[in-house]
Number of protein chains: 4
Amino acid sequence: MAGRRSGAATVAASDAASGPAADGAAAEAAAGGATDKTPRTARGRKTLRAILDAAAAEFGARGFHDTGITHITQRAGVALGTFYTYFNSKEEVFRALVRDMSAQVRDHVAPAIAAAPDGLAAERAGLASFLGFVRAHKEIYRIIDEAEFVDPDSYRAHYQNTADRIALRLGEAERRGDLSIADTEVVAWAIMGMNVFLGLRFGVLGDDRTPDEVAGIANALIARGLVRG
Amino acid sequence: MAGRRSGAATVAASDAASGPAADGAAAEAAAGGATDKTPRTARGRKTLRAILDAAAAEFGARGFHDTGITHITQRAGVALGTFYTYFNSKEEVFRALVRDMSAQVRDHVAPAIAAAPDGLAAERAGLASFLGFVRAHKEIYRIIDEAEFVDPDSYRAHYQNTADRIALRLGEAERRGDLSIADTEVVAWAIMGMNVFLGLRFGVLGDDRTPDEVAGIANALIARGLVRG
Amino acid sequence: MAGRRSGAATVAASDAASGPAADGAAAEAAAGGATDKTPRTARGRKTLRAILDAAAAEFGARGFHDTGITHITQRAGVALGTFYTYFNSKEEVFRALVRDMSAQVRDHVAPAIAAAPDGLAAERAGLASFLGFVRAHKEIYRIIDEAEFVDPDSYRAHYQNTADRIALRLGEAERRGDLSIADTEVVAWAIMGMNVFLGLRFGVLGDDRTPDEVAGIANALIARGLVRG
Amino acid sequence: MAGRRSGAATVAASDAASGPAADGAAAEAAAGGATDKTPRTARGRKTLRAILDAAAAEFGARGFHDTGITHITQRAGVALGTFYTYFNSKEEVFRALVRDMSAQVRDHVAPAIAAAPDGLAAERAGLASFLGFVRAHKEIYRIIDEAEFVDPDSYRAHYQNTADRIALRLGEAERRGDLSIADTEVVAWAIMGMNVFLGLRFGVLGDDRTPDEVAGIANALIARGLVRG
DNA sequence: CATGAATGAGTCTTCATTCAT
DNA sequence: TATGAATGAAGACTCATTCAT
């Protein structure tokens with residue numbers, strides 16, 4: 001699932017603590033290099049999860065640079081050194097987190113999109129679902145945004161992947177005859193930007209509109225535009 | 001014009017070195033408190049400008065956290081201590097810079113918008129102008145984005161102001177009968193998000209479309225939407 | 001015993017390494033807040049003691065402002081950063097030291113005073129003991145004196161406490177009928193001043209009189225005064 | 001009068017601004033080396049005085065190390081660089097000040113002592129006068145005390161001179177048959193210590209006794225001692 | 001004489017990372 | 001695995017002093 005970097009305990013591996021498909025992933029990880037930091041015991045998996053949750057909370061609240069390893073370990077209730085049992089560096093947890101959040105967003109939004117009757121409804125459902133998610137996980141916004149400065153690769157990958165998925169959907173909708181799109185990539189980035197900033201404004205900064213309201217208005221915009229008549 | 005913080009050498013003051021309208025602002029600033037760091041001599045104004053330019057270049061290239069004061073002063077060709085003759089901290093130059101860039105973007109785009117025949121054309125011209133500006137000043141993008149983590153107030157102010165200006169234009173266009181807008185604020189943020197991400201994708205990350213192409217496609221989107229017919 | 005400031009490794013804790021009565025205090029300190037810098041291992045306690053001893057020597061020799069953290073850590077044989085494992089700042093060691101020295105002086109002098117047959121003999125024994133102590137620990141003088149500028153609270157507390165103890169003794173002696181005192185507080189400060197300056201002159205600056213000689217002369221002064229007859 | 005160090009503007013020279021005997025001193029100073037910083041114009045003398053007064057106030061209030069040259073020049077209302085027109089270093093003003101204050105104390109107390117009928121009365125009058133002076137010039141206390149760490153020579157000279165003067169008076173009183181003194185130097189330091197600490201307690205820290213009360217009690221102590229009968 | 005911009009050595013402090021127990 | 005003491009490179013900031021105008 002989530003990509004891995006050599007020797008680092010991965011979020012996928014941590015999912016192993018709660019998910020059924022985890023055994024496979026864990027085994028896979030275990031088959032990795034000598035520097036593998038995947039936990040082998042139940043106790044280890046629990047600790048790893050605690051560290052990851054703490055890291056998400058701290059990075060979300062104070063940002064990458066103002067978060068110290070001690071902040072994370074103290075919140076997780078483990079000793080400082082324990083951190084390095086699971087991660088090789090501060091950047092590494094951050095990377096793991098960005099991938100995890102990126103996947104979480106996608107997985108949360110996907111079902112809503114899949115259930116939509118047509119291309120337009122899909123975008124609307126996707127945005128509404130996204131807004132709801134952002135409100136519930138404000139720290140995600142921050143972490144992904146900060147990736148631009150901490151781990152540019154993850155940052156670009158996240159937005160490139162998101163845009164690609166939108167473009168894919170638009171392409172299908174066009175082929176089905178639902179929509180007419182001049183340039184799928186340009187339009188995909190435009191829609192994504194719209195969604196992201198609406199998430200910022202109506203998910204993170206304020207909540208003076210319901211997700212459905214916002215999604216409805218935005219959807220009308222991309223459906224028929226602003227020109228009267 | 002640009003807001004000031006007590007005791008800090010301001011960009012407004014530095015503008016005085018090149019702009020005619022600045023004299024007023026500079027005088028105003030000079031009338032400030034005793035701990036004022038506004039330069040009182042021509043030599044001082046020149047040095048301040050050198051430091052600001054160097055800071056913009058360095059922050060743009062390496063980011064806030066990876067830029068040291070020495071990077072800035074070395075590039076500016078002054079001694080380390082000279083930095084503190086004009087700014088009280090690293091954060092302070094950054095803040096000054098964000099405000100400066102925010103104003104630069106606005107001032108660069110404004111004429112193009114003003115010259116447009118109608119509301120829709122205004123948005124198109126604005127986006128095209130913005131894309132051109134971003135390509136020429138890629139560091140601005142990074143600096144404003146990083147403000148989210150270094151100086152959240154400036155960051156929010158920048159985007160709020162930008163959205164407000166768009167909303168204002170949309171409102172006028174609607175009153176004139178050009179456009180029909182369901183919710184000016186939501187639409188303004190949507191359009192801004194579109195623009196920002198198109199700037200990121202086709203201004204900073206790649207240049208596989210001309211500003212006019214991108215602006216045309218985006219403009220068609222907000223004009224008529226994607227629905228065929 | 002020695003007062004504590006939140007989160008700082010205390011001298012009381014370090015006393016735990018050498019004194020039997022200290023265990024209680026150490027346990028108490030250990031029960032403190034989470035940011036507590038009290039060492040939890042034997043190795044830690046040893047290091048803390050090394051730093052304190054080094055700090056006393058360096059501050060005594062070069063003074064607070066001319067002593068760098070590196071001077072202390074180098075003398076203590078630990079790395080620079082180790083200092084901050086036990087103290088939050090240079091001021092903090094200094095404070096700890098002043099309290100420690102204040103207590104040391106008191107504890108050194110107390111037995112001599114307790115063993116004296118009457119009030120007058122007590123002051124004499126106390127002064128003689130003090131002079132001996134000062135000669136053996138000249139740095140204490142300097143550290144306590146410099147506290148006036150580095151940590152005024154400790155400085156005043158030290159002299160106020162000392163004067164209070166003298167006043168207490170004088171009060172008892174008067175009640176017993178040994179002495180007749182016009183104003184206990186004034187007299188206590190007068191005697192303390194006498195002792196301190198005799199310590200400066202015949203303990204720190206020169207040793208051209210024995211402690212007993214000096215104490216004898218001073219005691220005669222406060223016993224019968226200078227008026228002949 | 002006040003001693004001079006090569007090339008430094010002296011307090012004696014500054015006195016020249018207001019005293020009649022000054023011309024002589026100024027001429028003397030002018031006859032000094034090439035690095036002489038004695039002001040030659042009336043304007044210069046005024047500036048020098050402003051700097052000295054500001055320095056006394058600042059050193060007294062914040063202490064030597066926490067006082068910057070800018071604090072002094074700002075309070076004096078002159079530019080930073082002007083300081084170095086009159087002094088070669090921060091230490092130098094401080095030294096000049098210590099000598100000045102030392103002389104001021106002496107000169108203030110001397111008349112009261114001279115007017116006393118006998119040795120004992122002289123000490124009493126001297127202490128009362130000293131206490132009054134300390135109350136009016138609390139900063140003096142601090143400056144002289146801090147000299148121990150900034151300029152040990154001045155510090156020792158001040159107290160040695162003071163003790164010497166006391167010893168001289170005691171010697172005379174003894175020769176006249178007023179008093180009987182076992183060891184003039186020891187007693188002189190004892191009395192000085194008393195006076196200094198009474199000045200600290202009842203001049204600087206609190207004023208819950210009048211100078212005369214304190215002087216009376218202290219005088220009774222050194223006159224007849226504490227032994228009843 | 002006065003001014004204030006420029007200088008840069010010096011210091012404290014932080015914190016990611018290592019490692020012995 | 002877990003712990004927490006130890007490490008030291010790195011970096012922001014201060015401030016006495018110099019000097020050209």
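These numbers come from a predicted model, not from an experiment. So that the names make sense, note that chain A is the first sequence line, chain B the second, and so on, each numbered from 1.
- With hydrogens and angles disregarded, a donor-acceptor distance shorter than 3.5 Å links the side chain of C:Glu146 to the backbone of C:Phe64.
- Looking at the side chain of C:Tyr86, the nearest of the listed nucleotides E:dT17, F:dA5, F:dA2 is F:dA5.
- Of the candidates E:dT18, F:dT3, E:dA6, F:dT3 carries the atom nearest the A:Ala79 side chain, counting heavy atoms from C-beta on.
- Pairing partner, E:dT21: F:dA2, with both Watson-Crick or wobble hydrogen-bond distances short of 3.5 Å.
- Panel note: side chain C:Glu92, backbone C:Asn88; a donor-acceptor pair is recorded below 3.5 Å.
- Atom CZ of B:Phe64 is separated from atom P of F:dG11 by 13 Å (rounded to the nearest Å).
- A distance-only check finds no donor-acceptor pair linking the side chain of B:Thr82 to the backbone of B:Val78 [under 3.5 Å].
- A straight line from CG of C:Asp66 to P of F:dA16 spans 13 Å, rounded to a whole angstrom.
- The side chain of C:Tyr84 places an N or O atom within less than 4.0 Å of a non-bridging phosphate oxygen (OP1 or OP2) of E:dT13.
- When the C1' atom of E:dT14 is taken as reference, atom NZ of C:Lys37 falls 10 Å away, rounded to whole Å.
- Across every strand in view, F:dC15 sits in a pair with E:dG8 that passes the Watson-Crick or G-U test at under 3.5 angstrom.
- Counting any heavy atom pair closer than 4.0 Å across all strands shown, D:Thr82 reaches a base atom.
- Rounded to an integer number of Å, the gap from C:Leu48 CG to F:dG4 P is 17 Å.
- Atom CD1 of D:Ile69 and atom P of E:dT3 are 16 Å apart (whole Å).
- A cation-pi geometry, defined here as NZ or CZ lying under 6.0 Å from the six-membered ring centre and within 45° of its normal, does not hold between B:Lys37 and B:Phe87.
- Residue A:Gly68 is in sugar-phosphate contact alone, with no base atom involved, counting any heavy-atom pair closer than 4.0 Å across all strands shown.
- Among the nucleotides E:dA2, E:dG8, F:dT7, the one closest to any side-chain atom of D:Arg43 is E:dA2.
- Counting all heavy atoms, side chain and backbone alike, D:Val98 lies closest to D:Ala147 at CG2-CB, 3.9 Å.
- A:Lys90 has its NZ atom 12 Å from the C1' atom of E:dT17, to the nearest Å.
- Nucleic acid contact class of D:Thr73 (heavy atoms, under 4.0 Å, all strands): none.
- For D:Gln74 and F:dC15, the CD to P distance is 12 Å, given to the nearest whole Å.
- Of the candidate nucleotides F:dA12, F:dG8, F:dA2, F:dA2 has the atom nearest to the side chain of A:Thr47.
- Across all strands, D:Thr41 comes closer than 4.0 Å only to sugar-phosphate atoms, never to a base (heavy-atom distances).
- Taking atom C1' in both F:dT21 and E:dC1, one finds a spacing of 13 Å when rounded to whole Å.
- Along DNA chain E, the nucleotide closest to D:Gly44 and the one closest to D:Leu80 are compared, and the more 5′ of them pairs with D:Gly44.
- In this structure, the CZ atom of A:Phe83 is 19 Å from the P atom of F:dA5, given to the nearest Å.
- Between the B:Ser154 side chain and the B:Arg95 main chain, no donor and acceptor come within less than 3.5 Å of each other.
- Between E:dT13, E:dC1, F:dT1, one nucleotide has an atom nearer to the side chain of C:Ser89 than all others, and that is E:dT13.
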